[in-house]
Amino acid sequence: MYFDLRKEGWLEVICGSMFAGKTEELIRRLKRLEYAKKTFYVFKPQIDNRYSDTDVVSHNGQAIQAIAINSPQEALDFLTPDTAVVAFDEVQFFDESVIEVIELIAAKGIRVIAAGLDMDFRGEPFGVIPKLLAKAEFVTKLTAICTVCGEPATRTQRLIDGQPANYHDPIVLVGAKESYEARCRHCHQVQKDYRNQIKEN
Ligand SMILES: [Zn+2]
């Protein structure tokens, strides 16, 4: 899968739906760096404070230390001459400037790993992900298992009180009673009725 790159510094993207094992895959790659005694940093957006404020934690409970930042530029302050790898988790929640920051880091000869959701709950490309996929040297697209039919799942189903969410709902819900499950293209459902639209607070 990996072609023969002799110059250090490139972008790897790990993407997929929720429950596809993106964070497990990110942690797997980072653990290998730990064993190799390489210097690496993991950044995540401040918005994501589930489980822990300073760790990247996967659904299977594995953890690795991460630094929560508000703006992608803050990552640049941490770079040292011996930095081998920089990772961004939940990269879909960073603003567009993360692209420039990633390109800058890769140009310095540092390997960059970006992990995140490739589609939002509607099945639409999520934030900066499409551009990162285009610019990446290596892309790993993981699938989950569809909770309805058991086939490989590529989509994230949002449910509000057990019902499929509306297309016009906000991408990021705060404080709503929503739940998520992995579904395939055929079982993924989104309502498109304006009348059922959930009001943004
Ligand atoms: Zn299905």
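One-based numbering, in listed order, for ligands and for the atoms of each. We count residues from 1, following the sequence as given. Atoms considered below: every heavy atom in the structure, side chains included; atoms not considered: hydrogens, waters and symmetry mates. As the structure is a computational prediction, the values presented were derived from the model and not from experiment.
- Proximity of a side-chain donor or acceptor of Gln191 to a complementary backbone N or O of Pro164 within less than 3.5 Å is detected.
- The side-chain heavy atoms of Arg155 and Ser17, taken from C-beta on, include no pair separated by under 4.5 Å.
- Angle SG(Cys146) to the Zn ion (ligand 1) to SG(Cys187), rounded to 10°: 110°.
- Ion pairing of Arg29 with Glu25 is present here, as a side-chain N (NZ or NE/NH1/NH2) and a carboxylate O approach within less than 4.0 Å.
- For the Zn ion (ligand 1), the set of nearby N, O or S atoms under 2.8 Å includes none belonging to His188.
- To the nearest 10 degrees, the angle centred on the Zn ion (ligand 1) between SG in Cys184 and SG in Cys149 reads 110°.
- Aromatic pair Phe43/Phe78: ring centres closer than 6.0 Å.
- Residue side and main chain included, His186 places no N/O/S atom under 2.8 Å of the Zn ion (ligand 1).
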